[in-house]
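Working notes for the structure below.
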Amino acid sequence: MSTPSAPPPCPHLAAHRLSSRPLRFLRRCLRVRPLGRPEIRRDPRELPRCTPCAAAASPSPSRAASRLYACLSCAAVFCPSHAAAHAAASAPGHQIAVDVDRAELFCAACGDQVYDPDFDQAVFLAQSSSLLPSTSASAASVSVSVSPSPAAGPRKRRRVDYRAWAPDPAEFALMSSADPTTSASAAAPAGLRGLNNLGNTCFMNSVLQALLHAPPLRNYFLGDRHNRFLCPRRTPVRNRAVEADAAKAACLACDLDEIYSAAFSGERTPYSPAKFLYSWWQHASNLASYEQQDAHEFFISILDHIHENIKDEQHKSHAPGHGDCCIAHRVFSGILRSDVTCTSCGFTSTTFEPCMDISLDLDAGCGNNCLSVTNTKLHVRNGERSSAGVSSKVTTLMRCLERFTRAERLDAEQKFFCERCKERQESLKQMSIRRLPLVSCFHIKRFEHSSVKKMSRKVDNCLQFPFSLDMAPYLSSSILRSRYGNRIFPSEASDADAISELSTEFEIFAVITHSGKLEAGHYVTYLRLNNHWYKCDDAWVTRVEEHTVRTSQAYMLFYVQKTLYYKACERTAAV
């Protein structure tokens, strides 16, 4: 079987090369369109036409009659038929022309395209030059070395001289806002994006806004610690065995990672977390409806399912209360201490239990801890309106924490079995915080359900809460010191969790409020970003003043350890 040979070279092109300059001189006559196609350089307003018949090029490049050729010897423009007549009537050398729209060589005598390495090199250099910087300084710093061989294709080497780089104002602004967790503009901080209400889903949107801006959780997902594209739970269904429970195929962590990407993408239009809602319905089928749900129950449910999805393999043997099994527990998990003391012999029984949040009573045993305040004026600020002429009780978060850690006498029905007395005795119970989490969530009990009275009600008492909170008085070490003085007990001296009192200062970053009645209410989240407050009401995000946040009916309060709280305004002032 014979090997196909290359077509013989055009004799007219060979004669043209011997009688004229190499075709590389045409480089300065070429230009490159934005999409990279070369053509013969001409005035943009000029429409090439055939010299004898004045025929113009057709917009359709598929038609052969639309092609126009410029003679390389006299630069006259001809259509294909007149190009052949011009070549026959002219002296030798006028047979070779170039397509004005495609920059391709054409032999009018042979009636076909021809190829020349010098001309191809000129086209390649013209295309390469169009990719270089247009400024003279950039062009001067680049030196191009081309092989002298006529058969050489691409350039052999491109040498770029070193120049020190300094950012221009636009690049400097881009670098200043490169941190996805902060923004140079206080009016539009990064990650601030509304969430569409999908049908009574304000409870979900309010919790998601708080989770999106919890610093440790935010850094975990933005740091790509959980990649939804590599998650083993997101493998295609065809590669996974059929499971009886469809909930096992959904990963809330992957859907939460997708919401983080959408919130910090820079887009400001509201985002619809429909995929996340559907995945949560798969995990909590008993709550899969478009009815209003409790934000606190949703918060606990989300953390539990995240724990199931992304717990670390090396920590699977650890109990959730240790706080190192998954990101949810590493951020929100703390440990409570419960001391039950026998009033007869003084024996104390101590138990520890993990907690993801602390639920605080608002008005139980209010007594002297509450103040009665009557509003006599109507205050309207940032669209928020306070009630006028209505008497309301006001308590503080610190009083609620004091009540939570105060010793209380158990009822006669709750007598516990004393191991020393060997019988049930009256006792005192006292709660304290053994270990603080990175993010403390306080749940305010505003909804009361009484099985005895067979009724439910909402507590509308106002709650005053600080923006900076010191948790030292409520730690187990402080409670024990106030109970026993400065005596050191062996069991407490070896307690590794005693170091938690070194980081007891917290800063608030999110407040979830509830307005309306028990049956028909609405959840709203206030976010503290760059030391400014923003109201996230589903898809609407507006900036508000501190007064609006302080006078709202707080339902869930989120505090982060001060060492992790990033004050963007202080950083900007320092710069």
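If you read the sequence from its start, that first residue is 1, and numbering goes on from there. In this text the structure is predicted, and so the values were computed from the model without any measurement.
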Classify the ring geometry between [X] and [Y] as parallel (under 30°), tilted (30 to 60°) or perpendicular (over 60°).
X	Y	answer
Phe299	Phe332	perpendicular
His514	Phe447	perpendicular
Tyr534	His532	perpendicular

Using distance alone, with no hydrogens and no angle criterion, decide if [X] and [Y] have a side-chain donor and acceptor under 3.5 Å apart.
X	Y	value
Ser344	Arg420	no
Thr548	Trp533	no
Thr513	Ser552	no
Thr348	Asp339	no
Glu426	Thr343	no
Tyr271	Asn205	no

Can you confirm whether more than 12 heavy atoms, excluding those of Phe417, are under 6.0 Å from its CZ atom? yes
Nearest non-hydrogen partners of [X] and [Y], listed with the distance:
X	Y	answer
Asp257	Arg228	OD2-NH1, 2.7 Å
Ser338	Lys429	OG-CE, 3.4 Å
Pro273	Leu208	CB-CD1, 4.2 Å
Pro437	Gln561	O-NE2, 3.1 Å
Asn197	Cys202	ND2-N, 3.7 Å
Ala328	Met356	O-CE, 3.6 Å

Got a donor-acceptor contact below 3.5 angstrom from the [X] side chain to the [Y] backbone?
X	Y	answer
Thr405	Leu401	yes
His213	Gly191	yes
Lys535	Val549	no
Arg403	Leu360	no
Arg434	Ser476	no
Arg193	Ala262	yes
Ser440	Leu436	no
Ser432	Tyr474	no
Asn219	Leu222	no
Ser301	Glu297	no

Find out whether [X] and [Y] are in side-chain contact, i.e. whether some heavy atom of one side chain is under 4.5 Å from a heavy atom of the other.
X	Y	result
Gln292	Phe203	yes
Val207	Ile512	yes
His296	Ser359	yes
Phe465	Val511	yes
Pro216	Val560	yes
His329	Leu303	no
Leu336	Phe404	yes
Thr395	Asn461	no

(message) Show, in sequence, the C-alpha distance, side-chain angles and deciding distance for Glu507 and Lys562, and conclude whether the salt bridge (charged side-chain N to carboxylate O under 4.0 Å, His left out) test is met.
(response) CA-CA 6 Å; Glu507 290 286 334; Lys562 197 168 186 177; 3.6 Å; yes
Rounded to the nearest 0.5 Å, what's the gap from [atom1] on [X] to [atom2] on [Y]? Could you check?
X	Y	atom1	atom2	answer
Arg435	Ser477	CZ	OG	14.0 Å
Ser279	Leu252	OG	CG	6.0 Å
Gln282	Leu277	CD	CG	10.5 Å
Leu217	Leu438	CG	CG	10.5 Å
Asp361	Cys400	CG	SG	8.0 Å
Gln209	Asp537	CD	CG	10.5 Å

query = Does the side-chain contact (heavy atoms from CB on, under 4.5 Å) test come out yes or no for Asp294 and Tyr523, once each step is laid out?
reply = CA-CA 9 Å; Asp294 182 70; Tyr523 290 98; 3.4 Å; yes
Are [Y] and [X] an aromatic pair, judged by ring center distance below 6.0 Å?
X	Y	result
Tyr559	Phe442	yes
Phe221	Tyr260	yes
Tyr526	Phe509	no
Trp281	Phe276	no

The test is side-chain contact (heavy atoms from CB on, under 4.5 Å); show your working for Arg337 and Ile479 and say whether it passes. CA-CA 10 Å; Arg337 172 179 175 139; Ile479 299 295; over 6 Å; no
(message) Please evaluate residues Met398 and Leu469 with respect to the criterion side-chain contact (heavy atoms from CB on, under 4.5 Å), reporting the C-alpha separation (whole Å), side-chain torsions for both, the decisive distance (0.1 Å), and the verdict.
(response) CA-CA 9 Å; Met398 285 72 71; Leu469 177 64; 4.2 Å; yes
Exactly one of Tyr555, Phe298, Phe558 clears ring-ring contact (aromatic ring centres under 6.0 Å, His included) with His443, and that residue is Tyr555
Going through the checks in order, is the side-chain contact (heavy atoms from CB on, under 4.5 Å) test met by Leu527 and Cys536?
CA-CA 7 Å; Leu527 295 175; Cys536 300; 3.6 Å; yes
* Kindly indicate, with the supporting measurements, whether the criterion side-chain hydrogen bond (donor to acceptor under 3.5 Å, both in side chains) is fulfilled by Ser427 and Arg409. => CA-CA 6 Å; Ser427 57; Arg409 183 177 296 273; over 6 Å; no
